[in-house]
Amino acid sequence: MIAFLGLGNMGGPMAANLAAAGHAVTGFDPVPAARERAGITTAATAVEAVRGAGVVITMLPSGKHVLDCYAELLPVVSPGTLFLDCSTIDVADARAAAKLVTEAGHLAADAPVSGGVVGAEAGTLTFMAGGEAPAFAAADPLLAAMGKRIVHCGGPGSGQAVKICNNLILGVSMIAVSEAFALGRSLGLTDQALFDVASTASGQCWALTTNCPVPGPVPASPANRDYQGGFASGLMLKDLRLAQSAAEEHDVPTSLARAAAEQYAAFVGEDGPGRDFSAIITSIRKDGLDA
């Protein structure tokens, strides 16, 4: 049996996909509405959910939540339980959580995700996994039921490390793409003309070709829906701050990432955390964003 803790916008669909794949899943979330939406068997408490489970999967907001959850559950889980954390948290917290688990005689893996709510619902997520070989071997078939690409990145915390490094690139590149569109418009270019060249030239990147921050060139991008859906700017800010925390701990200069974090902090403070992170262009380009 699998206990799935954290049934929010990502965790709920992930747990449902595990159940659809034939796994016995019992979920828990402190929010009653999340338990009701999940469409799976749920428990009244986390402790109740994990009784008899051989796997505990967590999808929680922060490292503190994960560490507190593990401290509560370790005394009551079955011997040899796999703890699989799919949250996005600080690398140091991920390694501390893995140490708690392994010292108690269990298996630990971290596997943060990429793909957003759409990927969670469709079962097409990418998982960046960290953990020792036995833990990854146990986690792999479960991840396969929730996603389409799984990469074992190394030992404990490696999945989190890859996630924050990737999103450092993404946050900086989205600001660069947005600044380029702002400059292009001021120079008399249409958005489409800039896109047609940059998307097939040396400026091409995911932030441009898949999540284009201006409406028109990429019909599926959130820019065509007033930046609704996609990867929320508040989550981008969280990941950039995690990257900065890790960079400071390891004395790595990340001036562009620091500037991006500051810019997203200002944007989220004004616009709120909910719209897609590409909406940052609205704080850069003031001439309107009509296609």
Side-chain angles (χ1 to χ4, degrees), residues 8-10 61-62 88 112-121 125-126 163-245 247 254-291:
N9 292 334
M10 293 291 294
S62 71
T88 296
V113 308
S114 177
V117 175
V118 172
E121 292 172 345
L125 295 168
T126 293
K163 175 71 182 288
I164 63 172
C165 289
N166 179 78
N167 282 11
L168 181 159
I169 297 170
L170 183 58
V172 171
S173 62
M174 182 55 77
I175 291 174
V177 169
S178 298
E179 289 179 351
F181 275 108
L183 178 60
R185 180 63 70 92
S186 73
L187 295 173
L189 297 175
T190 65
D191 294 339
Q192 191 65 53
L194 176 56
F195 178 85
D196 289 344
V197 173
S199 64
T200 57
S202 55
Q204 69 86 24
C205 59
W206 190 92
L208 173 65
T209 58
T210 299
N211 216 74
C212 186
V214 296
V218 179
S221 78
N224 299 285
R225 307 184 300 275
D226 189 32
Y227 304 97
Q228 300 304 312
F231 183 57
S233 57
L235 295 177
M236 173 54 75
L237 175 58
K238 172 189 171 182
D239 288 358
L240 287 169
R241 284 174 168 167
L242 288 173
Q244 279 307 109
S245 176
T254 52
S255 57
L256 292 180
R258 182 181 299 106
E262 292 170 355
Q263 198 159 337
Y264 269 101
F267 176 68
V268 168
E270 294 178 0
D271 193 76
R275 293 205 292 172
D276 183 74
F277 77 110
S278 60
I280 190 114
I281 194 173
T282 62
S283 69
I284 297 170
R285 201 172 96 174
K286 304 298 186 181
D287 64 326
L289 289 164
D290 52 304

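Any value given below was found using the heavy atoms of this structure, including those in side chains, with hydrogens, waters and symmetry copies removed.
Rounding to the nearest 0.5 angstrom, the gap separating the CG atom in Leu168 from the CZ atom in Arg258 is 11.0 Å. One finds the CG atom of Asp191 at 4.0 Å from the CZ atom of Arg285 (value rounded to the nearest 0.5 Å). Annotation: the span from Ser114 atom OG to Leu125 atom CG amounts to 8.0 Å, rounded to 0.5 Å. In this structure, CD1 in Ile164 is found 6.0 Å from CG in Leu242, a value given to the nearest 0.5 Å.
Nearest heavy atoms, Val214 versus Ser221: O-OG, 4.3 Å. The nearest pair of heavy atoms linking Ala260 to Val172 is CB-CG2, 4.0 Å. Here the closest non-hydrogen pair linking Lys163 and Pro112 is CB-CG, 3.8 Å. Heavy-atom minimum distance, Gly216 versus Gln192: C-OE1, 4.4 Å. Closest approach of Ala257 and Gln244 over heavy atoms only: CB-OE1, 3.5 Å. Listed here is the closest heavy atom pair of Ile280 and Ser178: CG2-OG, 3.9 Å.
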Side chain to side chain donor-acceptor pair (under 3.5 Å) assessment of Glu270 paired with Ser283: CA-CA 9 Å; Glu270 294 178 0; Ser283 69; over 6 Å; no
Step-by-step side-chain contact (heavy atoms from CB on, under 4.5 Å) determination, Tyr227 to Asp271: CA-CA 11 Å; Tyr227 304 97; Asp271 193 76; over 6 Å; no
Residues Asp196, Ser199; criterion side chain to side chain donor-acceptor pair (under 3.5 Å); working and verdict: CA-CA 6 Å; Asp196 289 344; Ser199 64; 5.3 Å; no
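With a 4.5 Å cut-off on side-chain heavy atoms, Gln263 and Leu237 do not count as touching. With contacts defined as side-chain heavy-atom distances shorter than 4.5 Å, the pair Arg275/Thr282 qualifies. With contacts defined as side-chain heavy-atom distances shorter than 4.5 Å, the pair Phe277/Leu170 qualifies. Phe181 places none of its side-chain heavy atoms less than 4.5 Å from the side chain of Ile284. Met174 is listed as a side-chain neighbour of Tyr264, based on a closest heavy-atom distance under 4.5 Å.
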Let me have the donor-acceptor pairs involving side chains of residues 206-213, under 3.5 Å, with sequence neighbours excluded, atom names and distances please.
| residue | atom | partner | partner atom | Å |
| --- | --- | --- | --- | --- |
| Thr209 | OG1 | Cys205 | O | 3.0 |
| Asn211 | ND2 | Asp276 | OD2 | 2.9 |

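Judged by distance alone, with hydrogens and angles left aside, the side-chain atoms of Asn224 form a donor-acceptor pair with the main-chain N or O of Pro219 at under 3.5 Å. Ser245 places no side-chain N or O within 3.5 Å of a backbone atom of Arg241 that could act as its donor or acceptor partner. The backbone N or O of Thr88 lies less than 3.5 Å from a partner atom in the side chain of Lys238, making a donor-acceptor pair.
By the side chain to side chain donor-acceptor pair (under 3.5 Å) test, Thr190 pairs with no residue at all, sequence neighbours left out. The side chain to side chain contact (heavy atoms under 4.5 Å, CB included) search around Val117 returns Asn9, Met10, Glu121, not counting sequence neighbours.
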